[in-house]
> 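Got a structure for you, written out below as structure tokens; questions coming shortly.
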Amino acid sequence: MLTSKQRATLRSMAQTIEPVTQVGKFGINENLIESLDSAIEKRELIKVTVLENSGLDAKEAGFIIAEKLNAEFVCATGRKLVLYRRSSSEKVEHIEF
């Protein structure tokens with residue numbers, strides 16, 4: 001569980017990163033979860049765009065994806081959402097709070 005200070009730090013870091021993928025008309029499926037899992041393992045902090053035709057808003061999609069990835073939902077701003085999970089790989093530069 002993230003504290004509000006950690007969440008604020010991650011939100012500020014996420015402002016400069018580009019979205020890694022989009023949730024489209026097929027919604028949240030197994031292929032999307034697999035690609036997000038590998039992306040969050042390499043980066044720890046990812047941003048995802050939720051398209052209007054997905055039928056979900058960003059916050060709703062964020063909670064669903066975070067649960068499936070065992071990650072933390074950081075925030076949703078407009079149609080974008082931010083997720084965080086500490087990587088288990090030693091090769092990744094970890095985000096320190």
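The basis for the numbers below is simple: all heavy atoms, side chains too, and nothing from hydrogens, waters or symmetry mates.
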> Grab the two heavy atoms, one from S87 and one from V92, that are nearest each other, plus how far apart they are.
OG-CG2, 3.6 Å
> Would you indicate whether R43, at its atom CZ, is surrounded by more than 12 heavy atoms from other residues, nucleotides or ligands within a distance under 6.0 Å?
no
> Check whether I46 and V74 end up in the same hydrophobic cluster, where Ile, Leu, Val, Met, Phe, Trp and Tyr are linked by side-chain heavy atoms less than 4.5 Å apart.
no
> Name each donor-acceptor pair under 3.5 Å that joins a side chain in residues 13-29 to protein atoms two or more places apart or in another chain, with its distance.
{"unit_1": "T16", "atom_1": "OG1", "unit_2": "M13", "atom_2": "O", "d": "3.2"}
{"unit_1": "N29", "atom_1": "OD1", "unit_2": "N31", "atom_2": "N", "d": "3.3"}
{"unit_1": "N29", "atom_1": "OD1", "unit_2": "L32", "atom_2": "N", "d": "2.9"}

> For the residue pair Y84 and I40, what are the closest heavy atoms and their distance?
C-CD1, 3.8 Å
> Does L10 form a side chain to side chain contact (heavy atoms under 4.5 Å, CB included) with L2? I'd like the steps, not just the answer.
CA-CA 10 Å; L10 292 172; L2 296 172; 3.7 Å; yes
> Sub-3.5 Å donor-acceptor pair from the side chain of T77 to the main-chain atoms of K80, do we have one?
no
> Does the side chain of V48 come within less than 4.5 Å of L36's, by heavy atoms?
yes
> Can you list every pair that meets salt bridge (Lys or Arg N to Asp or Glu O under 4.0 Å) and has a residue in residues 56-73, with sequence neighbours left out?
none
> Give a yes or no answer on whether the side chain of R85 reaches the backbone of L69 with a donor-acceptor pair at less than 3.5 Å.
yes
> List the atom of L81, the atom of G62, and the distance in Å for their closest heavy-atom pair.
CD2-N, 3.7 Å
> Evaluate E41 against S88 for side chain to side chain contact (heavy atoms under 4.5 Å, CB included), listing each step before the verdict.
CA-CA 7 Å; E41 185 63 29; S88 59; 2.9 Å; yes
> Tell me, which pairs form a ring-ring contact (aromatic ring centres under 6.0 Å, His included) where one or both residues lie in residues 47-72, sequence neighbours left out?
F63-F73
> What closest approach, in Å, do R86 and I95 show between heavy atoms, and which atom pair accounts for it?
NH1-O, 3.6 Å
> Which atom pair, heavy atoms only, marks the closest approach of L51 to R79?
O-NH2, 3.1 Å
